Every structure is written in C-alpha cells, then in structure tokens.
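Report on the following structure.
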Amino acid sequence: RIGMNSDHSPDAAAATVTIGSKDFTESVVLGEVARLAALERGVDARHRRSLGGTRILWRALLEGEIDAYPEYTGTIGHELLRDLPRDAGIGELRARLRALGIGIGEPLGFDNGYAIGMREETAARLGIADISDLAAHPSLHIALSNEFMDRADGWPGLKAAYGLPMEPRGMDHALAYRALASGAIDATDLYGTDAEIAYYDLRVLNDDRRYFPRYDAVYLYRIDLEQRAPGFVAALDGLAGSIPASRMRSMNKAVKIDGEAEEAVAARFLDV
C-alpha cells in the first residue's frame, strides 16, 4: 500500500522530506514510523538515521539539513530553549519554536523520562528506593550516558538537587546497561521506555525531589513544511496520541532484544 497513491498526491511533486533520528533505538523507530506514515500519504520521505545526539539533530533542523525529527518536551524546554518555566506546556513550546521557524506536533502518547536505575538485587540489599537514598552510599560506582553527563537537565543539576557525592564516568548508553547487568557498575541513567529495564530486572529509583520534567515524545519539523509538504504535517498529526508507553517499550524490545529491523517494527505498528 505504501506510496500507491503518490501520483495523485499534491505533495508528490514536492521536494523529498528528510527525517532525522538520534543515535538510539527509539529515535530510529520513530523516524521510521514518520517515514512510513508519510509514504502512506504519498509524500516522498527519506530517513537519515542515527545522526548523533540532541545538539546535532537540533542544529541540522535549524539549518535545514533535515526537515523533522522525534524529540521530547523536557529536552526542548530544558536543553534546547532552556529559559522556559519547568511546567511549560505544549502551547508555550509551540509559540517559542515557531519564532525559530520550527513546528511541534501533538504528543505521541508516551513520556520517555530520564530515571536512575540499579539492579533489583543491589537496590534491595542496600535499601535504596529513592534517588535521595544514593547520597548515603558514596562508594557506589555510577556510569552515565555521555550526553546525560553534560545536559542542562542531566547530571550537574541532579547532583546539586540531591547532594550526590559520586563522580560518575561517561559511557555509551547500551554499554552502561551491560555493565550494570554484569555488576561492573551499580547505577546508571535510564530512559523510561527502555526494554532493558524489564529484561535486566532493574529497579527504577523514585525521583522523590521531582527533579526530572516530563519528556513527552513529539515530532519537531520545519514550519515551511506546512506549505511545502502539508501531507507530511498531516501524517505527523495523525500519529498524535497513538503510541502508549507499553507499545513503545514493546517496539524497543523487538529491535534491541529480539533483533528485528526498525523498519519492520514501524511497519507492523502502522499495519502497512
């Protein structure tokens, strides 16, 4: 069915829409979901996958190297725009982004917030349930994803908010999970929809001081697409509210643990 109506679409003659994704599974899956949803509407779309971290994708979007990518509201408000109030809603984000020539879709249906996790056995043995409990265990070995180490909403703020004495080291996110499972480290940062949380039987520590904001998944896109490729914007709008957290976790698991291709997982989700 994909693209079968492309000859009749008003967007068919438009320039190709380029979707980017960050260098982790969920972002790639969401990039594929957007690409296939666009093709279903006859929009010529391609996906440049795993381009890098937040700053690389944001700069590429602003400079027109890509036309859209999946992002999270907490990241937009605290890492990209920075000076917004903590509880800024989608309307406030939309107004600020539009002034930069960027549009934002409605939330996709899940919050992929940051969290801190430990092996269940270790957390139970030490009686650690909240992030604040970590302060009483300064000898714990912590490794954090490289981006989290430097983010405005990452380690520097978390360390200050909770008075944490550790000096963590940076590590690739996937490697940190394996190090945690093997006992090489005691704690790391998690994404709330990561399949590894259940797979490795991890305890997600309670953010008892409510440091982390919400990270509702959305698509960002260049505002000129509303004229240049309205069918693509319509495709993104059609995805709003369609992905509950449980479904996103199952898609992440299908790729990261079961070894399926992101395109196949996205196609199954869209039933195409």
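A quick note: this is a predicted structure, and the numbers were derived from the prediction, not measured.
Between E71 and the options D216, T54, L61, a side-chain contact (heavy atoms from CB on, under 4.5 Å) holds for only T54. Among N146, T25, D194, the one residue that satisfies the side chain to side chain donor-acceptor pair (under 3.5 Å) test with H173 is D194.
Side-chain contact between Y177 and L202: present, with at least one pair of heavy atoms (C-beta onward) separated by less than 4.5 Å. Contact annotation: the side chain of I76 approaches that of V218 to within less than 4.5 Å [non-hydrogen atoms, C-beta and beyond]. A heavy-atom distance below 4.5 Å is found between the side chains of L62 and W58. Looking only at side-chain heavy atoms (C-beta outward), D189 and F212 stay at 4.5 Å or farther from each other. Within the 4.5 Å cutoff, the side chain of R228 has heavy atoms near those of the D67 side chain. Using a 4.5 Å heavy-atom cutoff, the side chains of L180 and Y200 are not in contact.
The two residues R94 and I104 have their closest heavy-atom pair at NH2-O, 2.8 Å.
Placement of L97 and I90 within a single hydrophobic cluster is found when ILVMFWY residues are connected by side-chain heavy-atom separations under 4.5 Å, directly or transitively.
No side-chain donor from either of D186 and T122 sits under 3.5 Å from a side-chain acceptor of the other. Side-chain contact annotation: R249 with T193, donor-acceptor N/O pair under 3.5 Å absent.
Rounding to the nearest 0.5 Å places CG of D201 at 10.5 Å from CZ of R119. Taking CD1 from I19 and CZ from R49, the interatomic distance works out to 13.0 Å, rounded to the nearest 0.5 Å. Once rounded to the nearest 0.5 Å, the distance linking CG of L220 with OH of Y72 reads 11.5 Å. In this structure, the separation between CG on L126 and NE2 on H137 is 5.0 Å, given to the nearest 0.5 Å. Rounding to the nearest 0.5 angstrom, the gap separating the CG atom in L36 from the NE2 atom in H47 is 10.0 Å.
Of the charged side-chain nitrogens involved, at least one lies within less than 4.0 Å of a carboxylate oxygen, so that E121 and R125 count as a salt-bridged pair. Using a cut-off of 4.0 Å between Lys/Arg side-chain N and Asp/Glu carboxylate O, R35 and E263 are scored as salt-bridged. Salt bridge absent: E26 and K256 never bring a charged side-chain N and a carboxylate O closer than 4.0 Å.
Residue R209 places its CZ atom among more than 12 non-hydrogen atoms of other residues, nucleotides or ligands, all under 6.0 Å distant. Summarising the local packing, CZ of R210 is surrounded by 12 or fewer heavy atoms from other residues, nucleotides or ligands at distances under 6.0 Å. Counting non-hydrogen atoms of other residues, nucleotides and ligands closer than 6.0 Å to NE2 of H141 gives a total of 12 or fewer.
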Could you go step by step and tell me if E79 and R55 meet the salt bridge (Lys or Arg N to Asp or Glu O under 4.0 Å) rule?
CA-CA 9 Å; E79 177 69 6; R55 287 285 168 184; 3.8 Å; yes
Step-by-step side chain to side chain donor-acceptor pair (under 3.5 Å) determination, R151 to T75
CA-CA 9 Å; R151 287 174 61 110; T75 298; 2.7 Å; yes
Might you work through the side chain to side chain contact (heavy atoms under 4.5 Å, CB included) test for L225 and L236, ending with a clear yes or no?
CA-CA 11 Å; L225 290 178; L236 297 186; over 6 Å; no
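With ring centers used as reference points, Y191 lies under 6.0 Å from F24.
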